[in-house]
Protein chains: 2
Amino acid sequence: MAQASTRAVATIKSVAARAGVSTATVSRVLHGNGYVAGETRERVEAALRDSGYRLDAVAQALRRQRTITLGLILHGILPNPFFAEVAMGVEHAAVANGFNVLMFNTDGDAERERAGVESFLSRRVDGVIFTTALRGENVQLAIDAGIPAVEVERRLCKSAGAVVVDNYASSRQGMQHLLDLGHSRIGYLGEPDTVTGRDGPLDSLRQDRFEGYRRALEDAGIPVADEHLVRGPYPLERGAWGGVQTGRDYMQVLLDQDPDLTAVLASSDLLAAGALQTLYAHGIRVPDQISIVGFDDTFAGRLAPPLTTVRQPMFEMGVRAGELAIRLLDDESRPVLTESCATSLVVRESTAPLVA
Amino acid sequence: MAQASTRAVATIKSVAARAGVSTATVSRVLHGNGYVAGETRERVEAALRDSGYRLDAVAQALRRQRTITLGLILHGILPNPFFAEVAMGVEHAAVANGFNVLMFNTDGDAERERAGVESFLSRRVDGVIFTTALRGENVQLAIDAGIPAVEVERRLCKSAGAVVVDNYASSRQGMQHLLDLGHSRIGYLGEPDTVTGRDGPLDSLRQDRFEGYRRALEDAGIPVADEHLVRGPYPLERGAWGGVQTGRDYMQVLLDQDPDLTAVLASSDLLAAGALQTLYAHGIRVPDQISIVGFDDTFAGRLAPPLTTVRQPMFEMGVRAGELAIRLLDDESRPVLTESCATSLVVRESTAPLVA
DNA sequence: TTGAAAGCGCTAACAA
DNA sequence: TTGTTAGCGCTTTCAA
């Protein structure tokens with residue numbers, strides 16, 4: 001009550017006056033550096049307590065030219081929880097190191113991404129993390145301003161740090177599981193145009209996942225069959241449930257092309273969820289009649305049946321991105337570091353051995 | 001390139017020197033206020049452009065005693081996407097009004113919540129939004145510091161603003177749908193102890209949803225049957241897939257208690273997802289044999305079959321919370337405002353008329 | 001129409 | 001061991 005009505009907020013100056021010392025001394029006890037006599041320290045500490053002093057981080061930042069803040073550019077959290085989990089990881093690492101994090105959502109728009117970076121630069125953040133960057137030039141913007149940048153998932157800018165996953169190997173990991181279970185008629189469910197690459201060159205993420213599928217089959221001596229791929233031209237979906245509808249439609253295509261399909265590798269949980277819907281509608285049992293493997297491990301465990309999936313350590317990727325940015329901050333040499341995280345296969349209930 | 005190697009960053013002072021005017025004049029053209037002669041303005045604008053000047057928001061905040069920043073306390077995004085969507089809404093409203101948002105995750109821990117608020121206060125944010133607050137005293141902390149606070153979903157502090165939903169009415173909305181379809185043997189799937197209230201008094205959210213179920217049945221002249229409730233003592237689940245496992249287990253209990261159940265109202269999508277898993281394992285078709293209604297509309301559309309659910313307008317709730325905080329900022333009277341958002345029933349494929 | 005100057009709250013030489 | 005002081009970059013009276 002008393003606090004609330006006291007309009008004047010305590011400053012280092014008012015505390016100094018109250019304790020009968022200089023502001024420099026207050027600053028010293030505040031940060032525990034420099035020499036302060038025991039008796040003086042106590043007096044200052046009492047004054048600090050009595051006045052309800054709270055350090056003004058804004059003034060401190062101006063003076064120190066450090067905000068102890070990380071800026072986080074989000075590619076949009078909806079509909080993919082991937083970003084949310086990475087964000088939580090970044091936040092975790094930041095707070096553990098005394099940093100705070102500003103977030104900015106691009107909603108997938110490059111112009112907004114630029115605006116977000118500009119905004120962060122204006123606020124003098126100490127580092128910027130992109131999950132996921134849309135344009136390399138926007139990443140470069142931060143670097144040109146002398147601020148370390150870290151990209152998560154996809155690297156667009158050669159001078160930024162990065163935290164990635166080996167998509168090719170991960171995809172093979174999922175395939176190996178299916179192959180080990182005895183499957184050979186395995187369909188591939190990718191983002192629109194993953195297979196045809198119609199919309200310009202595939203980005204490496206999609207390409208790598210598809211390559212993992214192709215090479216795994218090849219190495220097992222199984223020819224890649226056209227009827228196990230969706231070649232479009234199927235329209236890019238635009239809607240609230242991004243990815244699910246695509247999965248639903250593509251699964252139908254796959255089924256039409258090869259009614260004897262026994263397994264499917266999906267390049268995201270979203271796509272796999274859509275596939276599960278189509279299968280459910282047809283009364284086709286998973287994994288009894290067909291096995292499904294997803295990718296990401298976002299909400300895979302919530303589906304029916306719980307989905308076997310290739311897990312990306314999203315939270316950990318966020319943590320490492322945050323730590324990397326902080327590490328870069330103090331390293332004048334600004335090395336370009338790339339950290340690679342390991343994926344893991346999470347076996348749940350959507351895969352089973354092929355029954356002959 | 002030239003920019004990058006120029007270590008000296010442009011300040012209002014360097015711009016003033018370059019344009020041959022005072023810093024006051026630069027400030028005037030920067031903000032378009034005060035009188036500036038056309039010719040002078042042009043000279044300053046050129047200097048601004050040539051030097052790549054970027055306003056220092058830190059210095060501005062110190063001087064103006066306004067950071068144009070909102071602090072967002074998150075109750076943890078995992079495993080419930082509810083928080084992520086509200087967060088995006090807050091961010092949207094903030095950016096639309098020129099604000100930035102700092103985020104802080106409490107992970108459901110009241111002590112961390114306190115630390116988060118303290119951190120925000122130290123950084124002099126202009127407002128704090130809680131999604132969802134854990135302790136009223138932490139909300140009060142912000143208010144005592146003279147900063148507006150807004151609570152989303154649950155209100156714990158009488159002097160804070162709030163954005164809520166009518167849980168009782170929403171629950172009845174879901175029930176009405178089931179009743180309209182002709183169901184009468186309707187089970188209730190709530191959080192652990194929603195029915196017994198064993199862990200102390202139920203918070204109003206859980207209580208209201210359960211009341212909606214009870215009263216809807218009563219008003220339809222259907223007695224509330226014990227076998228349609230889960231009375232525990234079933235252990236509170238602790239794990240990565242919070243809620244789903246509970247839904248799975250409780251659905252089994254419901255099935256054991258009444259094998260002739262024809263419908264279930266779940267108090268969250270998470271619980272409904274778990275129910276779907278149990279049903280799938282038993283080969284019980286949804287909605288042919290049993291209808292399910294969820295709550296929230298987070299990932300309901302991704303389940304198989306797509307889940308009919310009572311939708312909370314999460315993004316909109318975030319937007320309104322952000323706008324409310326900003327509005328409160330400039331209102332000296334600091335009125336206590338509560339905004340109530342309407343839920344809506346989203347009918348998908350998990351509900352169907354009772355077949356006699 | 002413009003400029004001088006006083007700070008916002010804090011830190012860190014430097015001096016005492 | 002402590003204090004004095006000069007700013008960090010910006011805004012805003014007030015005077016010219």
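Every chain is numbered from 1 and lettered A, B, ... according to where its sequence line falls, protein lines coming before strand lines.
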Please tell me which of the listed nucleotides, dT2(C), dT11(C), dT11(D), lies nearest to the side chain of Q60(B)?
dT11(D)

Check whether any side-chain N or O of S22(A) sits under 4.0 Å from OP1 or OP2 of dT4(D), and answer yes or no.
no

Among the candidates dT11(C), dG9(D), dG3(D), find the nucleotide nearest to the side-chain atoms of Q65(A).
dG9(D)

I'd like to know whether CZ of R112(B) has more than 12 heavy-atom contacts from other residues, nucleotides or ligands below 6.0 angstrom.
yes

Basic-acidic side-chain contact under 4.0 Å: E45(A), R28(A)
no

Does R41(B), at its CZ atom, have more than 12 non-hydrogen atoms belonging to other residues, nucleotides or ligands within less than 6.0 Å?
yes

Starting at atom CZ of R54(B), determine the distance to atom P of dG9(D), rounded to an integer number of angstrom.
15 Å

Please give, in whole Å, the distance from dA6(D) P to R64(A) CZ?
22 Å

Nearest to the side chain of I12(A), heavy atoms from C-beta on, is which of dC10(D), dG3(D), dT11(C)?
dT11(C)

Comparing R124(B) with R43(B), nearest DNA chain C nucleotide closer to 5' gives the residue R43(B)

Base, sugar-phosphate, or nothing for V21(A), non-hydrogen atoms under 4.0 angstrom?
sugar-phosphate

Atom-pair distance (CZ on R28(A); C1' on dA12(C)), nearest Å:
9 Å

Base, sugar-phosphate, or nothing: which does A24(A) touch, judged by heavy atoms less than 4.0 Å apart?
base

Write down the distance between OH (Y53(A)) and P (dG9(C)), rounded to a whole number of angstrom.
10 Å

Is any side-chain N or O of T23(A) closer than 4.0 Å to OP1 or OP2 of dC10(C)?
no

Is the phosphate of dT11(D), meaning OP1 or OP2, less than 4.0 Å from a side-chain N or O of S27(B)?
yes

So, under a plain 3.5 Å distance rule, would you say the side chain of R63(A) forms a donor-acceptor pair with the base of dG9(D)?
no

Of V164(B), T132(B), V86(B), which is the lone residue that meets side chain to side chain contact (heavy atoms under 4.5 Å, CB included) with V152(B)?
V86(B)

To the nearest Å, how far apart are I68(B) CD1 and dC10(D) C1'?
12 Å

Please give, in whole Å, the distance from dG7(D) P to L62(B) CG?
17 Å

dT13(D) C1' sits how many Å from Y35(B) OH, rounded?
15 Å

Closest of dG3(D), dT11(D), dT2(C) to the L55(B) side chain is dT11(D)

Base, sugar-phosphate or nothing for V58(A)? Non-hydrogen atoms, less than 4.0 Å.
nothing

Grab the CG-P distance between N33(B) and dC10(D) for me, whole Å please.
15 Å

Just checking, any donor-acceptor pair under 3.5 angstrom between side chains of T69(A) and R123(B)?
yes

